[in-house]
Amino acid sequence: MKFRHTFIKSTDGIYRCDKINAAVKAVTNRCINVIITQNEIENNSDLKLCDIDGIDIKIDTENFLLSYYKDGKRLFSDRGPLAYNLEGEFGQGVFHYITREKGEKIYGLGDKSGYLNKSGKSFTIETTDTMGYDAENSDPLYKHVPFYICENSVGCYGIYYDTTRTSYIDLGREHNNYYEHYKYFKSGGNELNYYVFFGTKLEILQEFGRLIGKCAMPPKWSFDYCASTMAYTDAPDSYNQMLGFIEKLKEYDLSCRGFYLSSGYTSIGNQRCVFNWNYDKFPNPEEFIRVFKENGIEIIPNIKPSFLVTHPMYNKLAENGLFIKNSDGTPFVTQLWDNLGSYLDFTNPKAFDFWKKQVKEKLLDLGIESTWNDNNEFDIKDEDTVCYDGRRACDIRSELTYLMDKASYEAQIELRASLRPFLSTRSGGAITRTLAQTWRGDNFTSFKDLKFCHFIGLTMSLSGFYFYGHDLGGFSGEMPSRELLLRWLQHGVFEPRFTIHSWNDDGSATMPWSYSDIMPSVRAIFSQRKQLIPYLYNCAYNAVENEIPINAPLFLYYSDKEIDENGNSFMLGQDILAVCIFDEGENETKVYLPSASDWYSGEELLDGGQSISVTIPAFSPAKYFVRAGSIIPTDEAEYGFNKNEELVLTVYPLKEGTFKSELFFDDGLTYEYKNNNCTKLEITVNCYSDRVEAIVNNTGNCETDYKLRLIGSDKRQFIIKQV
């Protein structure tokens, strides 16, 4: 359940509290509108507003304070005696103070550094280009997501502050002796809109996701290895470097389905000019794209929303008023990566359409089907900058990112309406998930950053960004060591985006074959990733349709007190428990198996509710456990370059009992699955002492070739029945 609070003191002295807007009503089918008059404030200091889903909601009208009770106990409340900046008591801007319980835990806020629990810390909520950030301490990073989940002794609640303005949140760092312990949110402007969610941590996350809108369903190819590096496109012979990349894939027999083309392909001299093809580096872009497509590899080109003052298009764009402006109407000019430049104003319909036209003509018409929307933090803090619609640019930075992504999305869908667009975006607010996947930006190469990028990734999952990944190996810094590269790859096996990307200090490129002597290990890890793609794709469908994160900490599904939220294990979907090692020189770790299930380690069935020691050498494939009572789809074809899929569904049975699994397969490219032109298997598995019985029902309109098998260590009779 969720609420939206809009507090406005009108000229007639009435406070109006409008809860739940039309968009939310469509989700929850309930709408509450409350008008509190001055007379009620004066004559009734404690009003009970409603009782929803077991939560009593009360308002103290004397100081306008809301309180929420669960089973008669206070879950949380506005901080008394004053929680809102109604009369400028706290200065400029909007404030919201609420109670804080000792020992409470807080999760979310987007791509925030540090461990999962953010309680006791404070953060700036804005978007920033922060290459080489410290994954333990840096703030802010690339996302603007003022949403968090709080768990205390009474229960859980979530809050989403609906604003695009730069904001600040204090989760217990500040202390004031005149008040009970509190946390607070502050932002600019004079309107405070926020939503409150109740339920379990998972239910709160799901409701938040339904409020924001479904994640975009990516094409299946995007889950395979997708390569990238700055070095290839920065080189003067870029095309030859790229052709050499294909030859290396064939030499080492590696599967690859995408290549993120860094911005060096647009260079004029040493400056990067979006939508400009450097014909010295790429004499024939159309042929280049065709060659990669013939080898099964999609090109994902880097595009940026800013134009340098030296860009060939700059003057024309300025004359047409397509840039964000100063108050005097001149283009706002700021420092960009290579030089001074200006940001395109995507609130201007002409600028929006210009972008779409360029994406189509300069990229999509050449055979490209994807876009990499980069450097789109719109790092504008000048309060005098204005957009076409009259708003200050500094107040809508994450909205400008969304509009950029939306323009790219529309260009892709208009040109190839049957294909699901694939977009990657570095920045944005929560709503950008409805258009694009993301990644964790330009991380640093170190074991410490590997560890804390793991926690940042899970924090993003707990913030509604289910489709994410990291630059495996690290983007900025030195070439990773053999051990560090392999540990990054082991971790990346379980994340939605599996991409190595780098800009190493010495100009080298981190690639799978950076160390020829470890190639057997690299290939084994890549093979494991390819094997898991059918399962990952099912996780993706479940994330889009049911708001089940692809990656999540164990505590999202299990309540065992033995679970270490700062540990190195995590969930892939709800059926695979992955474990990694983040410390240099270590090969052994402990993992706790939740008590609600038994778990398969390979072929061996282990009892849940115990901690076990596992050995994971850096030079081996990644380690994971499978929940008993599940069916895992995998690709069991021989691994290699451009090999076809052989789909196998393996039943991991219970000792005794019944369970159900739902599995999804489609063409991996189009929207036909929305018309039920796909395979939807509903498999009921009955486990007896002497046999395992699988009853298969396909509710989709299409058939898929697959083999259904029982895990080899189980010697019971296996019976398959088709409905």
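In this text, all values refer to a predicted model and were calculated from it rather than measured experimentally. Just so you know, these numbers use all the heavy atoms, side chains as well, and skip hydrogens, waters and symmetry mates.
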Will you find, in the side chains of [X] and [Y], an N or O donor that is under 3.5 Å from an N or O acceptor?
{"X": "Lys143", "Y": "Thr438", "result": "yes"}
{"X": "Gln528", "Y": "Tyr639", "result": "no"}
{"X": "Ser461", "Y": "Asn551", "result": "no"}
{"X": "Thr371", "Y": "Gln412", "result": "yes"}
{"X": "Asp224", "Y": "Ser255", "result": "yes"}
{"X": "Tyr195", "Y": "Glu207", "result": "no"}

Is any side-chain heavy atom of [Y] closer than 4.5 Å to one of [X]?
{"X": "Cys256", "Y": "Phe245", "value": "yes"}
{"X": "Asp575", "Y": "Tyr535", "value": "yes"}
{"X": "Phe422", "Y": "Glu298", "value": "no"}

Under the side-chain contact (heavy atoms from CB on, under 4.5 Å) test, which residues partner Ala436, sequence neighbours left out?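 For Ala436, the residues satisfying side-chain contact (heavy atoms from CB on, under 4.5 Å) (neighbours in sequence not counted) are Leu423, Thr425.
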Residues two or more places apart in sequence or in another chain: which of them pass side-chain contact (heavy atoms from CB on, under 4.5 Å) with Thr684?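 Expected list: Thr658, Lys660, Asn686, Ile695.
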Measure from NZ or CZ of Arg523 to the centre of the six-membered ring of Tyr252, then state whether that distance is under 6.0 Å and the direction lies within 45° of the axis.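 Here Arg523 fails the 6.0 Å and 45° test against Tyr252.
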Ring-face cation of Lys623 near Phe625 (centre distance under 6.0 Å, axis angle within 45°):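 Because its charged atom sits under 6.0 Å from the ring centre and within 45° of the axis, Lys623 does stack over Phe625.
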Shortest non-hydrogen contact from [X] toward [Y]:
{"X": "Gly608", "Y": "Asp598", "value": "N-OD1, 3.3 Å"}
{"X": "Pro549", "Y": "Leu205", "value": "CG-CD2, 3.5 Å"}
{"X": "Tyr557", "Y": "Gly573", "value": "CE1-O, 3.9 Å"}
{"X": "Phe665", "Y": "Thr704", "value": "CB-OG1, 3.8 Å"}

Please determine if [X] and [Y] form a salt bridge, counting it only when a charged side-chain N lies under 4.0 Å from a carboxylate O.
{"X": "Arg497", "Y": "Asp471", "value": "yes"}
{"X": "Asp111", "Y": "Arg426", "value": "no"}
{"X": "Glu547", "Y": "Lys214", "value": "no"}

Should we count CG of Asp690 as having more than 12 external heavy atoms under 6.0 Å?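 Enclosed: over 12 neighbouring heavy atoms sit under 6.0 Å from CG of Asp690.
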Count the heavy atoms belonging to other residues, nucleotides or ligands that lie under 6.0 Å from CD of Glu703, then report whether that count exceeds 12.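 Open.
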Asn546 side chain to Ile548 backbone, donor-acceptor under 3.5 Å: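 Judged by distance alone, no pair lies under 3.5 Å.
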Positive for ring-ring contact (aromatic ring centres under 6.0 Å, His included) with Tyr107, one of Phe455, Phe208, Phe555, Tyr157: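 Single ring-ring contact (aromatic ring centres under 6.0 Å, His included) partner of Tyr107 among Phe455, Phe208, Phe555, Tyr157: Phe555.
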Tell me if the centroids of the rings in Tyr541 and Tyr537 come within less than 6.0 Å of each other.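 Ring centres of Tyr537 and Tyr541 not closer than 6.0 Å.
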Strictly under 6.0 Å, is that where the ring centroids of Phe494 and His454 end up?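 Between Phe494 and His454, the centre distance exceeds or equals 6.0 Å.
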When rounded to the nearest 0.5 angstrom, what is the spacing between CZ in Arg420 and CD1 in Ile413?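 It is 10.5 Å, given to the nearest 0.5 Å.
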Go through the steps to decide whether Arg529 and Asp635 satisfy the test salt bridge (charged side-chain N to carboxylate O under 4.0 Å, His left out), and finish with yes or no. CA-CA 10 Å; Arg529 169 66 178 206; Asp635 178 2; over 6 Å; no
Would you please name every residue forming a salt bridge (charged side-chain N to carboxylate O under 4.0 Å, His left out) with Lys362, sequence neighbours left out?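 With sequence neighbours excluded, Lys362 shows a salt bridge (charged side-chain N to carboxylate O under 4.0 Å, His left out) to no residue whatsoever.
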When you look at Glu638 and Lys643, which way does the salt bridge (charged side-chain N to carboxylate O under 4.0 Å, His left out) test go after all the steps? CA-CA 7 Å; Glu638 178 186 2; Lys643 296 292 196 304; 5.2 Å; no
So if I apply the salt bridge (Lys or Arg N to Asp or Glu O under 4.0 Å) rule between Lys360 and each of Glu410, Glu414, Glu369, which one comes out positive?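 It is Glu414; the other options fail the test.
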